[in-house]
Amino acid sequence: MKSWFRHPFARAMAALALVLLLGFIFNADGAFFKWGTHSDMYRAISVYGILACGMTMVIIIGGIDLGVGSILGLSAVLFSLLAIRQGWPPWMAIPATLMAGAVCGLAAGGLIARFRVQPFIATLAMMVFARGLAKWISGGQKISTVIQKANGDFMNVPVPAVFDQLGAKILHGNLAVVTVIFLISIMVCWIILTKLRWGRFMYAIGGNEEAARLSGIPVWAMKLLAYGLSGLFCAVAGICQAAQELQGDPEAGVSYELTAIAIVVIGGTSLAGGRGGIGLTLLGALTIGYLEKILSINAVGEAARLMLTGVIIVGAVLFQRMRK
Amino acid sequence: MMQSVLSTMVKAAAVLAVAGMLQPVSAESANPAKKWTIGMSQCNLGEPWRVQMNADVKKAAEAHPELHVIFKDAQNDTLKQRAHVEEFVAANVDLIIISPKEAQPLTPPVVAAMHAGIPVIVLDRRVVGDKYTCFIGADNKKIGQAAGRWIVQKLGGKGTIVELKGLMTSTPGQDRNSGFREGIKGSDLKVIFDVDMKWLEPNARKEMESALSRFSDISLVYAHNDPGAHGAWLAAKAAGREKNILFVGIDALPQEGQAYVKQGILTASFEYPTGGREAIENGLKILNGEKIEKEIVLPSRVFTAETVDKGGEWLK
C-alpha cells in the first residue's frame with residue numbers, strides 16, 4: 001500500500017469509490033448514469049448531511065449527540081406551526097426556529113459541560129424530551145396546510161412561499177436548494193474547524209481533555225459551543241425537512257441520529273474524539289447516500305437492504321483501515 | 001424557621017404533584033355522574049391513523065353523556081400496553097376497548113379481563129383465541145383488492161404501476177400488496193417497480209425519485225398509505241412529471257388522504273376505517289345487555305374528486 005493511502009481523506013475516497021463501483025455494476029438499466037439520479041441523491045442525503053455537520057464537531061470534541069433526530073422533528077413542527085398556522089413571515093419564523101434548536105443543543109451541552117453528565121445520557125435525555133415536546137406542541141398530528149376548524153371540518157390554506165422556495169431546485173432543476181444549504185453548512189464547519197482557534201480547541205479537547213484544560217483552553221465553553229451548533233444545524237435540517245414535506249411531522253427524524261453518526265464515522269472521523277474533519281463527513285455523506293441510492297434504483301427489498309447496508313458499512317470501514 | 005416551613009411545603013407540593021402524575025387514573029376518580037367508565041388502550045399514538053381512532057372514539061362517546069372514557073397510550077410498547085389493561089382491570093372499569101400492538105403477548109391480559117367479568121372490544125389488530133367479546137376491524141386485503149379493481153377500470157386495463165409498499169414484514173403491508181395483486185390479475189397492468197417505503201413520506205419520495213429516473217413511462221403510483229402517495233407526488237412534481245401520473249393511496253384520513261384528493265394531488269384514496277365510532281356504538285349495546293356480533297368487518301369507502309365532498313362512495 002502506498003503512503004498516500006494512509007491519509008484519512010484518501011481512504012474515505014476509496015470507500016466512496018468502492019460504493020460508486022457498485023453503482024456502475026448495478027446501474028439499473030443505466031439509471032445510475034443519469035444526472036437526475038445523482039441530483040436526487042444529493043437532495044435526499046442533504047438533511048442527514050446537515051445533521052452530520054453538527055455531529056462532526058460534537059464527535060471531534062469527544063462527545064456524541066443522540067438528540068439530533070428529535071430536535072429535527074421539533075424544529076420541523078415548530079417552523080410549520082409558526083409559518084403555516086401563525087402566519088409568521090420567514091424572517092421571523094426561521095430565526096425563531098433556529099434559536100429553539102440552538103437552545104435545545106445548549107441545554108444538552110450545559111448538562112455535559114457544567115454538570116458533567118455523560119454526553120450519551122444528556123443527549124439521550126434530549127432525544128426523548130425534544131420528541132415529547134414536538135408531539136405536545138403539535139397535538140400528535142402533522143402540522144400541514146390542512147387545518148381543522150372548530151366545527152370539525154377541514155379547510156385548506158395555501159402553502160407559504162418559503163416552503164416552496166426551500167424545497168425547490170435551482171439551475172434548471174439540477175440542484176436542490178437543500179443541497180446548497182448542506183454545502184454551506186459544510187463550509188461553515190470547515191471554517192470553524194480549520195480557520196478559527198475554536199477548531200484547534202475542539203481537536204485538543206477531544207484528544208486529551210485534561211491536557212486541554214491545563215493548557216488554559218475553555219473546555220466547558222467549547223463544549224457548549226459544539227452542542228449548541230449541533231442544535232442549530234438540527235434546526236436548519238428541520239426547516240429543510242418541513243419545506244420538502246410541506247408539513248411539520250412530529251415523527252420526522254426518528255433514527256436519523258444513527259444515520260448522521262454513520263456518515264461521520266464512515267468518513268473516518270474517530271468516535272474517540274480528537275481526529276477527523278468535515279471534509280471526511282462530506283465524503284461519508286456521499287458514500288451513505290450513494291449506497292442508499294443504488295439499493296433504491298435496484299428496488300432491493302427492505303430486509304436485504306438492511307443486511308447489505310450493514311455489510312457494506314463494515315466493508316467500507318475495514319477497507320479504510322487497511323494498512324501495509 | 002419560616003424558610004424551612006416554606007421549603008417543606010414546597011417539597012410536599014412537589015411530591016404531591018409527582019404522585020399525581022404517576023398515579024394511574026382510576027375509575028373512582030371518574031365523574032360520578034357518568035354511569036359507565038370505558039378504558040381505551042391504544043398501542044401507539046405516534047401514528048396519525050391511531051390519533052384519528054382515538055378522536056373517533058372520543059367524538060362518538062361525547063354523544064353519550066352516560067359514558068366516561070379513559071385513554072391510555074402505550075407508545076408502541078407491548079409491556080406498557082399490557083400494564084395498561086391490567087390497570088383497567090384493577091380499576092374495575094365497565095368495558096375495555098383495546099387496539100393491541102401485537103396478538104400473542106396481549107392475549108393473557110385480555111383473557112384476564114374477561115375472567116374478571118369485564119367485556120373487551122378488540123379493535124383493528126387481533127388477539128389469539130376467542131376470549132374477547134367482540135372484534136372490530138377492516139380487511140386490508142379486501143381494500144387492496146378493491147383498489148386493484150378500481151385502478152384496472154381507471155386505466156382501462158392497461159398501464160405501468162409503481163407500487164410503494166408499506167412494509168412487507170408487517171401484515172397490513174402484506175395484505176395491501178397481495179390484495180392489490182389479486183385485484184389487477186387478468187389485466188394488462190404491469191407493476192414495474194415495487195419497494196418498501198416503511199410507511200414514511202420522506203422514504204416514499206426517495207424511492208419514487210429512483211422509479212422516475214429508471215422509467216420514463218409510469219401510469220400510476222399505488223402507495224400503501226396516503227403519506228406515501230403524497231411523497232411520490234412531491235418527487236414527480238420536482239421532476240415536472242406529476243401531471244402524467246395518477247396517484248392512489250390508502251387510509252383516507254380527513255386531514256391527509258381526503259385533503260390530498262380535494263387538492264387534486266391524489267386521484268383516489270381508499271378508506272381504512274378506524275372503527276372508533278363502531279367500538280363505542282357496540283360498547284353501548286354490550287353495556288345495555290344487548291347481543292352483538294362477535295366479528296364485525298368494517299365497510300370501506302373510496303374518495304375521488306367527484307365523491308370526496310359527498311363523504312366518499314361505499315365499496316361493494
Side-chain angles (χ1 to χ4, degrees), chain A residues 27-41 43-45 47 131-132 135 138-142 144-148 152-156 159 167-169 173 176 241 244-247 249-254 256 289 292-303 305-306, chain B residues 42 44-48 50-52 54-55 59 73 75 162-163 165-170 173 191-216 227 230-231 233-235 237-240 253-260 262-263 265:
Chain A
N27 59 41
D29 310 325
F32 189 74
F33 303 123
K34 292 183 194 160
W35 166 248
T37 306
H38 297 255
S39 146
D40 287 342
M41 186 284 276
R43 181 203 67 74
I45 202 66
V47 161
R131 183 65 65 196
K135 289 187 183 194
S138 64
Q141 292 282 16
K142 293 175 188 170
S144 68
T145 52
V146 182
I147 298 172
Q148 189 160 27
D153 288 348
F154 290 90
M155 61 169 189
N156 196 11
V159 179
K169 285 186 170 182
Q241 181 89 359
Q244 293 184 83
E245 286 193 53
L246 306 179
Q247 66 189 8
D249 184 352
E251 295 290 317
V254 170
Y256 280 26
E292 281 192 358
K293 192 73 201 174
I294 292 159
L295 293 169
S296 172
I297 51 173
N298 285 290
V300 177
E302 179 62 19
R305 213 179 270 203
L306 291 171
Chain B
Q42 178 60 266
N44 181 18
L45 275 185
E47 300 166 38
R50 294 190 172 276
V51 175
Q52 184 67 35
N54 274 24
K59 195 172 164 200
D73 167 22
Q75 295 164 335
V162 168
E163 182 179 3
K165 299 180 289 189
L167 193 60
M168 284 308 276
T169 45
S170 75
V191 178
I192 50 172
F193 194 82
D194 67 315
V195 277
D196 285 339
M197 47 88 176
K198 296 185 263 184
W199 309 107
L200 297 172
E201 173 156 349
N203 290 20
R205 180 168 179 175
K206 279 188 242 177
E207 301 304 335
M208 185 65 190
E209 283 173 346
S210 295
L212 286 165
S213 59
R214 252 188 95 167
F215 300 100
S216 53
H230 186 243
W233 177 81
L234 286 172
K237 186 165 169 269
L253 292 184
Q255 73 278 25
E256 285 182 1
Q258 291 182 35
Y260 296 149
K262 272 185 205 162
Q263 293 166 33
I265 292 171

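Here is how names work: the chains are called A, B, and so on, in the same order as the sequence lines, proteins then strands, and each is numbered from 1. In this text, all values refer to a predicted model and were calculated from it rather than measured experimentally. Because only heavy atoms are used, hydrogens play no part in the values below, and waters and symmetry mates are left out as well, while side chains stay in.
Distance alone, capped at 3.5 Å, is enough to place a donor-acceptor pair between the B/R205 side chain and the A/Q244 backbone.
Only the side chain of B/L167 comes within contact range of chain A, with at least one heavy atom under 4.5 Å from a heavy atom of that chain. Residue A/E302 touches chain B through both its backbone and its side chain, counting heavy-atom pairs closer than 4.5 Å. For B/E47, no part lies near chain A; criterion is any non-hydrogen pair under 4.5 Å. Of the atoms belonging to B/K59, not a single heavy atom falls under 4.5 Å from chain A. Contact annotation for B/Q255: both backbone and side-chain heavy atoms come within less than 4.5 Å of a heavy atom of chain A. Of the atoms belonging to B/F215, not a single heavy atom falls under 4.5 Å from chain A. Both the backbone and the side chain of A/E245 come within contact range of chain B, with heavy atoms under 4.5 Å apart.
Here the CD-NE2 distance, from A/Q247 to B/H230, works out to 6.5 Å after rounding to the nearest 0.5 Å. Atom CG of residue B/D196 and atom CG of residue A/L306 lie 9.5 Å apart, to the nearest 0.5 angstrom. Rounding to the nearest 0.5 angstrom, the gap separating the CD atom in B/E201 from the CG atom in A/D249 is 8.0 Å. Atom CG in A/L246 sits 6.5 Å away from atom NZ in B/K237 (nearest 0.5 Å). Note: A/S296 OG to B/R214 CZ = 10.0 Å, rounded to the nearest 0.5 Å. Note that the NZ atom of B/K206 and the NZ atom of A/K293 stand 9.0 Å from one another [nearest 0.5 Å].
The shortest non-hydrogen separation linking B/A259 to A/V146 is CB-CG2, 3.3 Å. Between A/I297 and B/S213, the closest heavy-atom pair is CG2-OG, 4.1 Å.
Note on B/E207 versus A/R305: salt bridge recorded, some NZ/NE/NH1/NH2 to OD/OE distance being below 4.0 Å.
Among the candidates A/K142, A/E292, A/M41, the residue making the largest number of heavy-atom pairs closer than 4.5 Å to chain B is A/K142. Per-residue heavy-atom pair counts under 4.5 Å with chain A were compared for B/L45, B/D194, B/L212, B/V51, and the maximum is reached by B/V51.
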- Item | Full working for side chain to side chain contact (heavy atoms under 4.5 Å, CB included) between B/Q263 and A/N156 | CA-CA 8 Å; B/Q263 293 166 33; A/N156 196 11; 2.9 Å; yes

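At a heavy-atom cut-off of under 4.5 Å, chain B is reached by A/A28, A/D29, A/A31, A/K34, A/T37 from residues 28-37 of chain A, listed in order of number.
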